Each structure stands twice: as C-alpha cells, then as structure tokens.
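Start at 1 and go down the list; that is how both ligands and their atoms are numbered. No experiment lies behind these values; they were computed from the predicted model shown.
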Amino acid sequence: MLSEWIEHSLEDVSPRSRSGRLRGGTYTLHAPGILELTPSECRETARACVVSVGIHGNETAPIELLGDCLARIEAGMLPLGAPALIILGNLEAIRRAKRYVTTNLNRLFRRDLDETGMEPDRARQLMNAVDAFYARHPGRERLHYDLHTAIRDSRFPRFAVEPFADTATLPEQWRWLAEANIQAVLHQHQHSWTFSHYSRHYHQAQGFTLELGRVNPFGHNDLTLLVPMARLIEALLEGREPPGTDPARMAFFRVAHELRRHSADFRLCFPDDTPNFTEFAPGSRLAEDAEAGPFTVEGKPLSVVFPNAEVELGARAALLARPASPPGHCIEKSQSR
Ligand SMILES: O=C(O)CCC(=O)N[C@@H](CCC(=O)O)C(=O)O
Ligand SMILES: [Zn+2]
C-alpha cells in the first residue's frame, strides 16, 4: 500500500481502506496526500516527524526520495520507530507539473488566513493535520522537514532555509544537516508564512525548508546526490539518533533584505539564470519597480537567493543575504569573511 500511495494520491484513486497494518506499525490516510505512520513501538529517541514534499507541484526529486523511503518501510527494510506525518502538498499542481495552480501555497500557512480557493483550502487542511498530529504526540520533540527543489542553479545546490521564529535551532540539527550533505544555511530575518515556518512558529518544531537541487520533471532527478539526505530521513523515521558532522563545513548566510514586486512594471537587473547565492558588489542595481523605484546594493556585497521577477504582485521577488557566522562562532569572525 505504502509504495503505491503517491501514485494513487496523484491518480485520485480512492483507497480500499483508510487505515491498516504495516511491518512495525500502522498507517492512517487522513485525507488525500496526508498519511500518518504510527510505530508499534516508539523508540525513546524518536521525534514526532512531519515530512512534506510537493508543496510546489513541479519539485519532483523530494517526491521520488520520499517514495523510496516508503517502499523501504513497506518492504521491511526500514523498521518504523517514530510517529510520522507524511504530506504530499499541492496534489493538483503536482498533477499539472506546475509550481502552483492559482496562488503560491507556501505563503499561506497562517492561522488568520482568510483567502478562499483551492490553495488556501489546502493550506487550512494541512495546518489542521499538523496541529492534530503534534497534539497526538505531546512531550515528544517536534520536527518538520519541508523538502523542495529550486528553480535555478545554485552555488550551493543543497541548502536549508531556517525560518524566522522564537524557537532556536538545536545544535544537533546543524550537525545532522551537515552530515546529510547540505552545503549552506540561510537564516530568515522575518516571518515568512511558509509551511516549515508554520511548524516552528506555532508548534516550536525544528522546522526547515530544505532545497535539494533543481526542479526537474519526474524521472530526471539524480537521487544519488540525495542519498545522505535520504539516510537522515530514514534515521528519523526509525527513531534512531542520526549521525552528525561538523556544521562549519556548511556556509551560513542571513537574509538582510527582501525584494518585493510592488508593480506590474517590475524587473530584476540581472540575467534570469543567475545562480542562487551569486554575490553583487556595492553599487550594483538589482531591481527596478515602477512603484518602489530602483534597488541598489549598499554597504557590503549582497548574495541573491530565489530571484523571480514573475511572482504575484506584493510577493517576494528575491532574498538578499550576507555571510553569517556558523552557530557557536562569534560575530567578529563572520564579519571578517
Ligand atoms: O527557486 C526558487 O526560486 C524557489 C524555490 C522554493 O520553492 N523555495 C521556497 C523557500 C521557502 C522558504 O523561504 O522557506 C519557497 O519559495 O517557497
Ligand atoms: Zn519549492
């Protein structure tokens, strides 16, 4: 059943049964694309894990990676030892191989959301599912990895976005992510209302958006590059303590400024295929907007992440970041980089 869940969810096939047994536990299908795994025995070290993929419909590598993990659980190769909520985010967008259908789902995860439509309704359903899941596992450390791929190349193809929130990241996370071959970390500077931010902000979870390479159609992803990330997710599903390594092998950045598209007459002043984390020197003009005017780099260089001039009006068109110190290092060190 598990190995067919993704396919059946995308084909909108009604499940024969909404719950059942699997090796080492049970599964429950709460709604289309929302699957809970409950181990017969939870390990002491187990976290309450939310793993989400396909929040953007054209980001297929994480869906393939998750499919492999589920197949391994079903085959008895991966003994379930942690409660897990597995989410296929924007089913209709995945079917259409599009980032979203009417609006970007990954900007809607807020409890005061009052928009209506397919994506807002899905955001509410996913928020309710996460709320209920964490409530079923009180006292257990909470974790949420929201897996994505980026539209363009990157100086660091695999990187983590740490949402802005009051909840501090535990040092073990940096160690696990470094071992999972994450190459860089971007600290957010303000609330972003993404899915990983939701779990961090409202549930104090260790939540991250993980960018795992570039957008590709199904069947065109090189999953060998993601083996270390798959091992991390498998360790978490087993309820084992994942292995870690020195976080200083990752590059750390902090968002200094967010570029927003204010008018229809908006453009980014660099080529469309500029890789993420490309650095621009002071004096470089980065954007022109009929309403907000030009944006020029001032002071120290800025690195551009997620540039996209085609976003909806009012939405984020790029993050602009500067190097930051690795956790546990002093500020002076980062400034001298
Ligand atoms: O490559 C891009 O421009 C977008 C890739 C993507 O979907 N990124 C996420 C990041 C979420 C975050 O800021 O935590 C997004 O834009 O939703
Ligand atoms: Zn995405």
Side-chain angles (χ1 to χ4, degrees), residues 50-66 87-91 93-94 96-101 103-110 119 122-123 126 144-165 167 169 173 177 182 184-201 205-217 221 253-261 268 270-278 286-287 303-312 314-321:
V50 177
V51 181
S52 48
V53 299
I55 290 293
H56 294 128
N58 57 347
E59 300 177 7
T60 59
I63 302 175
E64 293 179 352
L65 181 154
L66 185 68
I87 290 173
L88 271 176
N90 194 336
L91 289 170
I94 302 171
R96 299 186 193 191
K98 285 179 64 178
R99 184 166 167 83
Y100 54 81
V101 178
T103 188
N104 187 348
L105 176 60
N106 210 21
R107 303 292 180 270
L108 303 178
F109 292 96
R110 52 191 309 158
E119 270 111 355
R122 183 63 169 166
L126 297 183
H144 182 172
Y145 287 169
D146 183 31
L147 311 185
H148 289 244
T149 54
I151 296 169
R152 55 189 50 69
D153 280 335
S154 178
R155 279 179 60 214
F156 307 101
R158 292 173 301 284
F159 61 99
V161 182
E162 180 200 36
F164 176 84
T167 307
T169 294
Q173 288 293 334
L177 292 174
I182 290 292
V185 174
L186 180 62
H187 305 291
Q188 274 279 18
H189 69 318
Q190 62 184 22
H191 296 288
S192 49
W193 314 110
T194 61
F195 201 15
S196 63
H197 172 272
Y198 180 82
S199 295
R200 212 175 249 258
H201 181 62
Q206 295 290 300
F208 295 92
T209 305
L210 299 178
E211 298 290 345
L212 304 177
R214 260 194 82 164
V215 163
N216 274 315
N221 297 300
F253 292 83
R254 184 173 304 283
V255 176
H257 186 80
E258 184 174 281
L259 272 182
R260 283 185 175 267
R261 178 183 188 183
L268 293 170
F270 48 85
D272 219 29
D273 58 356
T274 299
N276 283 323
F277 296 98
T278 296
L286 296 187
S303 298
V304 70
V305 186
F306 301 141
N308 186 353
E310 303 306 319
V311 291
E312 299 157 84
R316 170 176 102 192
L319 292 174
L320 303 175

Is it the case that Arg155 and Ser303 place a side-chain donor and acceptor less than 3.5 Å from each other?
no
With no hydrogens and no angle check, just 3.5 Å: does a side-chain donor-acceptor pair link Glu312 and Asn104?
no
Considering only heavy atoms of [X], which atoms of ligand 1 have at least one such atom less than 4.0 Å away?
| X | value |
| --- | --- |
| Glu59 | 7 (O) |
| Arg316 | 10 (C), 13 (O), 15 (C), 16 (O) |
| His56 | 7 (O), 15 (C), 17 (O) |
| Val161 | 12 (C), 13 (O), 14 (O) |
| Arg99 | 4 (C), 5 (C), 6 (C), 7 (O), 15 (C), 16 (O) |
| Gln188 | 13 (O) |

For residues Ala93 and Tyr100, report the shortest heavy-atom separation together with the two atoms involved.
CB-CA, 3.9 Å
Around [atom], find the nearest protein heavy atom and jot down its residue, atom name and distance.
| atom | result |
| --- | --- |
| atom 1 (O) of ligand 1 | Ile151 N, 2.7 Å |
| atom 2 (C) of ligand 1 | Phe306 CD2, 3.3 Å |
| atom 11 (C) of ligand 1 | Asn106 ND2, 3.6 Å |

Counting both backbone and side chain atoms, is some N or O of Thr149 under 3.5 Å from an N or O of ligand 1?
no
Indicate yes or no: does an N/O atom of Thr209 lie under 3.5 Å from an N/O atom of ligand 1?
yes
Are Glu211 and ligand 1 in contact, using a heavy-atom cut-off of under 4.0 Å?
yes
Please verify whether a non-hydrogen atom of Thr194 lies at under 4.0 Å from ligand 1.
yes
So which of the N, O or S atoms of His148 lies nearest the Zn ion (ligand 2)?
ND1
If you check every N/O/S atom of His56, which is the one nearest the Zn ion (ligand 2)?
ND1
Can you tell which of Glu119, Arg122, Arg96 makes a side-chain hydrogen bond (donor to acceptor under 3.5 Å, both in side chains) with Asn90?
Glu119
Only one of Ser192, Ser196, Ser52 passes side-chain hydrogen bond (donor to acceptor under 3.5 Å, both in side chains) with Thr209; say which it is.
Ser196
Indicate if the distance from the Zn ion (ligand 2) to the nearest N, O or S atom of Glu59 falls below 2.8 Å.
yes
Select the closest option to atom 17 (O) of ligand 1 among Arg152, Arg107, His148, judged by heavy-atom distance.
Arg107
Does Arg261 reach the main-chain N or O of Val311 with its side chain, forming a donor-acceptor pair under 3.5 Å?
yes
May I ask you to check whether over 12 heavy atoms, not counting those of Asp272, lie within 6.0 Å of atom CG?
no
Over 60° means perpendicular and under 30° means parallel, so classify the ring planes of Phe159 and Phe277, tilted if in between.
perpendicular
May I ask you to decide if the ring planes of Trp193 and His197 are parallel, tilted or perpendicular, using 30° and 60° as cut-offs?
perpendicular
Flag the pair Leu186 / Leu319 as yes when at least one side-chain heavy-atom distance between them is below 4.5 Å, and no otherwise.
yes
What's the verdict on ring-ring contact (aromatic ring centres under 6.0 Å, His included) for His144 and Phe195, showing C-alpha distance, side-chain angles and the deciding distance?
CA-CA 9 Å; His144 182 172; Phe195 201 15; 4.6 Å; yes
For ligand 1, the portion of His197 having any non-hydrogen atom under 4.0 Å away:
neither
